[in-house]
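Only one structure is covered here, and it is reproduced in the block below.
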Amino acid sequence: MIKVRLADGQILEVDKGTSAADVLKEGLSKKQKKRLILARVDGELKDLGFRLQNDCKLEPVFLGDEQAQEVLRHSTAHLMAQAVKELYPEVQVAIGPAIEQGFYYDFNTREPFSPEDIAKIEKKMKELSKKALPIERIDMPIDEAIAFFENKKEPYKVELLEDLKKEGAETVSLYRQGEFVDLCRGPHLPDTGKIQAFKLLSVAGAFWRGDENREMLQRIYGTAFFDKKALKEHLDRLEEAKRRDHRKIGKELELFSIEESIGPGLILWHPKGALVRKIMEDFWRDEHLKRGYSLLFTPHIAKRELWKTSGHLDFYAENMYAPMQIDEVEYQIKPMNCPFHIAIYNSRKRSYRELPLRWCELGTVYRYERTGTLHGLMRVRGFTQDDAHIFCTPGQLDQEIIEILDMTLYMLQVFGFQKYDIYLSTRPDKYVGSDEHWELATNALKRALENKGLAYEIDPGEGVFYGPKIDIKIKDCLDRSWQCSTIQVDFNLPERFDVKYTGEDGQEHAPIMVHRALLGSLERFFGVLIEHYAGAFPIWLSPIQARVITITDRQDEWAKKVLEILRSKGIRADLDLRNEKLGKKIREAQLEKIPYMLVLGDKEVADQSVSPRTRRGETLDAMSVEEFAELLEKQAMQEKMGGVTSPGNSKQE
RNA sequence: GCCGGCAUAGCUCAGCUGGUAGAGCAGCUGAUUCGUAAUCAGCAGGUCGCCGGUUCGAGUCCGGCUGCCGGCUCCA
């Protein structure tokens with residue numbers, strides 16, 4: 001007999017080996033029984049059929065349980081694989097896990113799946129769901145399982161099992177629903193009838209085990225929820241994400257373009273995009289100067305020899321553009337700014353009294369990225385990093401990191417981002433630098449994060465070979481994470497370039513070099529910004545803050561005067577004098593997501609006023625130009641101070 | 001780079017099974033002088049991404065290239 005503690009605190013004595021379902025179903029209504037899908041045993045999700053072996057805490061898990069969503073999606077992946085096998089028996093199954101937004105399953109097929117195939121598969125899944133096939137777990141000795149899948153002609157499962165065997169596994173679990181049997185750790189829902197709200201979303205190629213030297217499989221992505229409403233909301237979110245796509249908005253608002261005649265991954269910043277960039281840059285430079293940084297400018301090319309010294313030709317060559325010969329000497333375009341900053345450091349002897357040195361540059365770099373990886377502004381070949389290098393003594397490291405974190409969070413917040421994930425990447429297998437240095441630097445990063453009270457995850461072994469790092473990833477509207485901010489300690493370059501300072505003791509010491517970018521790159525950050533605001537930038541970032549709109553040509557003179565006053569006050573305004581109806585002018589300004597429209601009719605001319613309308617659709621009482629300018633400036637200031645989101649766009653569109 | 005899809009006017013898109021291109025918006029011209037999301041009329045605009053092939057004939061079929069899209073891999 002074992003003791004089972006139930007959710008209400010009651011303790012039951014049951015036979016060892018009793019199934020969780022048997023205990024849990026006791027006293028449940030018929031309705032509740034139907035909704036019971038899993039058991040939580042000592043906090044861990046288990047199948048209902050799980051046999052209780054020890055004293056434990058046992059709770060029921062019902063449909064809709066948030067933590068069970070992953071199980072639902074995993075079971076849906078199995079359901080999809082079952083459907084595929086029933087429709088196309090010759091297809092081999094690979095793996096099919098639940099992922100953050102849904103699930104996928106990889107298949108090896110002779111013919112790739114067409115959209116019609118996907119529709120068929122989805123239909124089949126619905127049929128199978130209706131049958132409410134029980135999903136049963138089968139525990140099997142590993143050799144038996146290998147034989148089983150060999151017999152079924154499922155080589156991918158065999159490969160997985162053989163690896164499990166090498167790792168010392170003796171038995172494995174299989175899950176069966178109808179004719180379909182899959183290797184799986186589980187747990188799963190009790191039957192396929194519990195899978196109600198799902199949708200297959202896309203097909204794509206994916207390498208077997210993520211290895212580009214292995215064969216390419218067909219991956220079908222899908223998602224599943226406990227109820228139809230949640231599914232619909234999710235699909236609506238995906239639609240909204242499409243509407244916010246920075247590539248679409250970038251074109252509509254004439255912010256930037258990428259032209260085939262120029263080259264892939266190379267960004268043309270159009271006037272409005274360039275203006276936003278200028279505002280971003282001004283803010284960035286001001287903040288850096290405020291915080292004791294000095295500004296640098298460095299060239300775009302350097303002698304090949306420099307890249308040899310830096311080690312880039314050893315470990316980064318495939319990302320660099322080919323050398324060009326100038327006066328018999330080979331030059332190469334920079335993929336990074338660091339060696340230039342070091343050259344400035346090394347231009348003379350440095351004393352400990354000068355440290356820390358904080359040098360920043362909006363440095364444009366070029367990296368060869370494979371064509372398939374390019375993505376709008378998010379992944380490009382030429383981009384401007386908001387780079388900085390800090391040279392400091394080991395004793396100064398903690399404080400420097402804290403200040404960098406502080407500044408990063410401040411900047412992200414001003415731009416309107418409160419949500420991000422923080423990762424601390426530690427020493428990889430291959431690395432340079434002493435263990436002592438690694439520990440010092442890793443601890444400094446850790447202490448800084450803790451000092452700021454920031455939650456972070458450790459990415460073990462994911463540091464760069466030259467040092468540990470903190471990465472901050474911003475989430476975009478599709479919930480894709482984009483690495484923007486990065487703080488990296490570098491032990492490699494100072495050594496390669498023999499970077500030194502003279503200490504208090506008169507001896508030469510190696511400074512610690514910290515490499516950091518707050519926004520990451522202006523291109524990517526701009527892309528994230530566009531999607532974050534759906535193009536309706538806060539007032540302080542808007543390329544056009546106000547548009548002066550006349551009703552008839554009788555207001556032209558006053559309109560020109562208004563524009564002049566606004567511009568003299570540093571407000572970014574323009575003028576629409578066209579012979580069009582007011583409604584059309586409003587509509588166009590609205591579609592351009594201009595925060596304020598200043599409507600001028602005969603009334604406004606008579607009392608020398610403006611009638612503002614916000615892009616939200618609110619009309620304000622007429623006021624003087626000066627009053628409006630004050631209002632605008634006040635709002636822009638508030639946005640920057642509090643990082644508050646300014647009035648969004650009106651709902652119509 | 002790999003798998004699949006796509007490429008028609010500045011933009012968004014039609015163009016059935018091959019018979020040598022069409023709409024809306026934008027642009028230009030004119031009329032209209034209008035109060036908070038599209039005034040009306042006219043005009044102009046395309047070697048159908050590029051190269052080659054099949055065919056009496058190719059936007060349409062086939063091959064190659066370039067670019068883009070969804071992913072994989074890789075990264076700021």
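Every chain is numbered from 1, with letters handed out A, B, ... down the list of sequences. Side chains included, hydrogens not; waters and symmetry mates left out as well; all remaining heavy atoms used.
- Residue A:Q483 has a polar side-chain atom (N or O) positioned under 4.0 Å from OP1 or OP2 of B:rA76.
- At the heavy-atom level, A:G210 lies under 4.0 Å from the strands shown only through sugar-phosphate atoms.
- Under the Watson-Crick or G-U wobble criterion, with both distances below 3.5 Å, B:rU39 is paired with B:rA31.
- Between the side chain of A:D386 and the backbone N or O of A:A517 there is no donor-acceptor pair closer than 3.5 Å.
- Side-chain N/O atoms of A:S257 and A:E259 include a donor and acceptor closer than 3.5 Å.
- A stacked arrangement is not assigned to A:W482 and the six-membered base ring of B:rA76, the conditions of a centre distance below 5.5 Å and an interplanar angle below 30° not being jointly met.
- Residue whose closest nucleotide on RNA chain B sits further toward the 5' end, between A:R578 and A:L377: A:R578.
- The residues A:E618 and A:R616 are annotated as salt-bridged, a charged nitrogen and a carboxylate oxygen being separated by less than 4.0 angstrom.
- Taking 4.0 angstrom as the limit, A:R613 places none of its side-chain polar atoms (N or O) nearer than this to OP1 or OP2 of B:rG35.
- Here the nucleotide nearest the side chain of A:E212, chosen from B:rC34, B:rC3, B:rU73, is B:rU73.
- Look at NE2 on A:H246: it is 9 Å from P on B:rC69, rounded to the nearest Å.
- A:K584 comes within 4.0 angstrom of sugar-phosphate atoms only, judged by non-hydrogen atoms across all strands, and of no base.
- At whole-Å resolution of the value, NZ in A:K593 and P in B:rA37 are 17 Å apart.
- Nearest to the side-chain atoms of A:I551 among the listed nucleotides B:rA76, B:rG35, B:rG1 stands B:rG35.
- Side-chain proximity of A:P264 to the nucleotides B:rC68, B:rC75, B:rU36 is greatest for B:rC68.
- No side-chain donor-acceptor contact under 3.5 Å links A:E287 and A:Y293.
- Atom P of B:rC43 sits at a distance of 50 Å from the matching atom of B:rC2, rounded to the whole Å.
- Residues A:E604 and A:S611 bring a donor and an acceptor atom of their side chains to less than 3.5 Å of each other.
- Remark: side-chain polar atoms of A:K593 are paired, donor with acceptor, to backbone N or O of A:A534 under 3.5 angstrom.
- In terms of polar N and O atoms assigned as donor or acceptor, the side chain of A:R379 comes within less than 3.5 Å of the base of B:rC74 in a complementary pairing.
- Proximity note for A:T619 (side chain, C-beta onward) versus B:rG71, B:rU36, B:rC72: the nearest is B:rU36.
- For A:L582 and B:rU33, the CG to P distance is 16 Å, given to the nearest whole Å.
- Listed by residue number, A:D553, A:R554 are the residues of residues 553-563 of chain A with a heavy-atom contact under 4.0 Å to RNA chain B.
- If you take CZ of A:R219 and C1' of B:rG70, they are 12 Å apart, rounded to a whole angstrom.
- Nucleic acid contact class of A:E580 (heavy atoms, under 4.0 Å, all strands): base.
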Exercise. Between A:R209 and A:E215, does a salt bridge (charged side-chain N to carboxylate O under 4.0 Å, His left out) hold up when you go through it step by step?
Worked result: CA-CA 9 Å; A:R209 305 194 122 177; A:E215 58 270 39; over 6 Å; no
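- Each of B:rU12, B:rG4, B:rG71 was ranked by its minimum atom distance to the side chain of A:P112; first place goes to B:rG4.
- Look at A:R247 and you'll find a side-chain N or O under 4.0 angstrom from OP1 or OP2 of B:rC69.
- With 3.5 Å as the limit, one finds a donor-acceptor pair spanning the side chains of A:T364 and A:T384.
- At whole-Å resolution of the value, CD in A:E100 and P in B:rG71 are 14 Å apart.
- Under 3.5 Å, the side chain of A:E604 and the base of B:rG35 form at least one donor-acceptor pair of N or O atoms.
- A close approach under 4.0 Å does not occur between any side-chain nitrogen or oxygen of A:H515 and OP1 or OP2 of B:rA76.
- Considering only side-chain N and O atoms, A:Y221 lies under 4.0 angstrom from the phosphate OP1 or OP2 of B:rC72.
- Within the nucleic acid shown, A:S485 has no heavy atom closer than 4.0 Å to any nucleic acid atom.
- Atom CD of A:E260 is separated from atom P of B:rC65 by 15 Å (rounded to the nearest Å).
- Counting any heavy atom pair closer than 4.0 Å across all strands shown, A:K251 reaches sugar-phosphate atoms only and no base atom.
- Proximity note for A:T486 (side chain, C-beta onward) versus B:rA76, B:rU36, B:rU39: the nearest is B:rA76.
- Judged by distance alone, with hydrogens and angles left aside, A:R209 brings no side-chain donor or acceptor close enough to the base of B:rC72 to form a pair under 3.5 Å.
- In this structure, A:R110 places its CZ atom 17 Å from C1' of B:rC3, rounding to the nearest Å.
- At a threshold of 4.0 angstrom between heavy atoms, the contacts of A:D602 include nucleobase atoms, whether or not backbone atoms are also involved.
- Contact annotation: side chain of A:R587 to base of B:rU36, donor-acceptor pair absent below 3.5 Å.
- With respect to A:E252 and A:R243, no salt bridge is recorded, no charged nitrogen being found less than 4.0 Å from a carboxylate O.
- Side-chain contact, A:Y366 with A:Q332: no donor N or O sits under 3.5 Å from an acceptor N or O.
- The residue A:V380 sits close to a base: some heavy atom pair falls under 4.0 Å.
- Between A:I586 and A:K469, it is A:I586 whose nearest contact on RNA chain B lies nearer the 5' terminus.
- Residue A:Q218 is classed as a sugar-phosphate contact, given heavy-atom separations below 4.0 Å to backbone atoms only.
- Between A:M378 atom CE and B:rC69 atom P there is a gap of 12 Å when expressed in whole angstrom units.
- Counting only N and O atoms by type, the side chains of A:D421 and A:Y456 include no donor and acceptor under 3.5 Å apart.
- If you check every strand for non-hydrogen atoms under 4.0 Å, A:G520 touches sugar and phosphate atoms only.
- A close approach under 4.0 Å does not occur between any side-chain nitrogen or oxygen of A:S202 and OP1 or OP2 of B:rG71.
- Within the 4.0 angstrom heavy-atom criterion, base atoms lie near A:G372.
- Across all strands shown, B:rC6 pairs with B:rG67; the Watson-Crick or G-U wobble distances both stay below 3.5 Å.
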